[in-house]
Amino acid sequence: MSGDTAVPTAKGERYAVMDVLRGFALFGVMLINVYEFGGEDILITSDQLAALPSAALNDALTFWVRLLVYDKANTLFAFLFGLGFWVQMERLEARGAPFKAIYLRRAFILLVFGWVHLFGLFAWDVLHIYGTAAFILFACRKLPDRALLWAGLTLLLFAKPVLNYLFDVFGVSGPLNEAVSADSVVFAQQAAAQSGDLPAFLSLMAGNTVSGWLLTGGFIAFVFYALGRFFMGAWVARQGWIQNASTNLPLFRRWLWPCLICGLLLELAHLLTEDMVDGLAFGMLAATAHAVATLLIAAGYVCALILIFHGKTFAWLVKPLAPVGQMALTNYVSQSVAIILILTSFGPGLGLAGKAGISTFLPLVVAFFAAQVVFSHFWMKAFAFGPMEWLWRALTYGTFPRMRRTSHLIET
């Protein structure tokens, strides 16, 4: 069998804890996606949001979502993509496979998936960003550990604040920061409410993506945002901490509480003072404080999940997340479909655009994610790949891998 042949990875080669981390991140990713895409100045005006009967509850829940989930889930998701790409490069090299060709095809296909997803279904797509970052990670694969670490930290902490500063200096509106009129939001609501015309709504969102994302520098800013997290994932992969988590449990115990406590206190201070400061310098300082807090909290989540996974008491709580993470691409895309149906009136859609806030979205996300946990469990018992993972692999290798699971194989 040639090194270029597509076969699932043997059970002993797969890191189940990485799947648990991906599954955990996916819940937060969906919550933030529906919160933002269905949120203020996108599909609901500030006046409409304030007039909702659940306005007070929405405000309270928004605070906790911003404290615990906002940016943290996306940071963890991007970190795991970077870690996964690096682990794959190492495995391909170890097998003697043509890793450069395979990796670059894999990254290119992800990039294509992302652009199709962005313009064909969901304007909050991250796959086109991750596909771009994957190419840059490949170009930087020979950086020494220290350079990779410092590049990752610098981009993670300062990419968004510095780019926002440059946007202000050069008079560029910045990523998705253009002033949005109430009329344009209402127009988007009306498009979402047309039960038989989903293409018109998607076309409107695609136009907004061009004007409010590509032309304002948002895409460039978020490539650097993701790249910092990719670099950090690659650096951690080089250390082998997560791949060999069972032998590094003292390390995770040592950092669990310092990361969580310091991160939460810093983010709490940021949230409580963000309306008290003004000016560009204070804005950059606040953004940097938020970035540091995000890094610490996300690291704390990693430590906590690894310790729970390898513990005896509560491992049953997190292990069901592993199948969700195994088919992360499929679940991510299916979440986009669910969000469209939550917000629009197309088909069985709920048509909640302009009519609901986070207090309505949260239970819907919990219910849908619970369904994904159950579905993923039964799917991965029968099959070696999720549907999108199978397609990704088939296009990468140019062959059709076995879909049905055999007793000794598990999808990578």
Side-chain angles (χ1 to χ4, degrees), residues 22 25-39 42-44 73-74 77-78 81 107-134 175-176 184-185 187-215 218-219 222-223 226 324 327-354 356 361 364-365 367-369 371-372 375-376 379 386-392 394-395:
R22 286 192 194 96
L26 273 168
F27 171 77
V29 167
M30 182 178 184
L31 181 61
I32 295 304
N33 280 345
V34 71
Y35 162 72
E36 288 193 327
F37 191 48
I42 305 297
L43 286 175
I44 190 169
N74 287 322
F77 201 46
F81 256 87
F108 176 75
I109 293 163
L110 180 67
L111 186 64
V112 172
F113 282 172
W115 286 106
V116 172
H117 187 231
L118 175 70
F119 283 105
L121 180 64
F122 191 57
W124 252 243
D125 170 79
V126 296
L127 301 179
H128 69 295
I129 300 170
Y130 290 2
T132 304
L176 299 176
S184 64
V185 174
F187 184 72
Q189 290 173 12
Q190 292 170 345
Q194 299 299 316
S195 60
D197 201 4
L198 181 63
F201 174 74
L202 296 180
S203 176
L204 175 64
M205 291 297 103
N208 290 344
T209 296
V210 173
S211 62
W213 175 248
L214 299 179
L215 297 182
F219 171 65
F222 273 81
V223 165
V324 181
M327 45 192 295
L329 181 60
T330 296
N331 283 320
Y332 174 74
V333 173
S334 66
Q335 288 179 355
S336 301
V337 175
I339 291 170
I340 293 296
L341 292 177
I342 287 171
L343 295 173
T344 73
S345 298
F346 180 75
L350 301 179
L352 294 181
F361 297 144
L364 291 172
V365 170
F368 184 79
F369 186 75
Q372 285 191 310
F375 177 81
S376 299
W379 182 277
M388 289 297 298
E389 287 74 15
W390 182 89
L391 179 61
W392 192 6
L395 293 173

Exercise for the section: Classify the ring geometry between F122 and F37 as parallel (under 30°), tilted (30 to 60°) or perpendicular (over 60°). Expected result: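 Correct class here is perpendicular.
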Atom pairs and distances, side-chain donor-acceptor, residues 331-338, under 3.5 Å, sequence neighbours left out:
from: N331; atom 1: OD1; to: Q372; atom 2: NE2; distance (Å): 3.3
from: N331; atom 1: ND2; to: V324; atom 2: O; distance (Å): 3.0
from: N331; atom 1: ND2; to: M327; atom 2: O; distance (Å): 3.3
from: N331; atom 1: ND2; to: S376; atom 2: OG; distance (Å): 3.2
from: Y332; atom 1: OH; to: V126; atom 2: N; distance (Å): 3.0
from: S334; atom 1: OG; to: T330; atom 2: O; distance (Å): 3.3
from: S334; atom 1: OG; to: N331; atom 2: O; distance (Å): 2.9
from: S334; atom 1: OG; to: Q372; atom 2: NE2; distance (Å): 2.8
from: Q335; atom 1: NE2; to: L26; atom 2: O; distance (Å): 3.3
from: Q335; atom 1: NE2; to: Q372; atom 2: OE1; distance (Å): 3.0
from: S336; atom 1: OG; to: H117; atom 2: NE2; distance (Å): 2.8
from: S336; atom 1: OG; to: Y332; atom 2: O; distance (Å): 3.4

A side-chain contact here means heavy atoms from C-beta on lying under 4.5 Å apart; do [X] and [Y] qualify?
X: M388; Y: W392; result: no
X: L329; Y: L127; result: yes
X: L395; Y: V112; result: no

Practice task
Report yes or no: does S203 contribute a side-chain atom to a donor-acceptor pair with the main-chain N or O of P199 at less than 3.5 Å?
Solution key: no
Does [X] have any ring pair (Phe, Tyr, Trp, His ring centres under 6.0 Å) partners at least two apart in sequence or in another chain, and if so, which?
X: F369; result: F27
X: F108; result: none
X: F361; result: none

Completion exercise
Contacts of A78 meeting side chain to side chain contact (heavy atoms under 4.5 Å, CB included) (sequence neighbours excluded), chain-then-number -> Y130, R229, F230
Fill in the blank from the handout: Those residues at least two apart in sequence (or on a different chain) that pass side chain to side chain contact (heavy atoms under 4.5 Å, CB included) with L111 are W115, T132, F135
Of all heavy-atom pairs between [X] and [Y], which one has the smallest distance, and what is that distance?
X: V185; Y: I42; result: CG1-O, 3.9 Å
X: A328; Y: R22; result: CB-CD, 4.1 Å
X: G38; Y: I44; result: O-CG2, 3.6 Å
X: G351; Y: S345; result: CA-OG, 3.5 Å

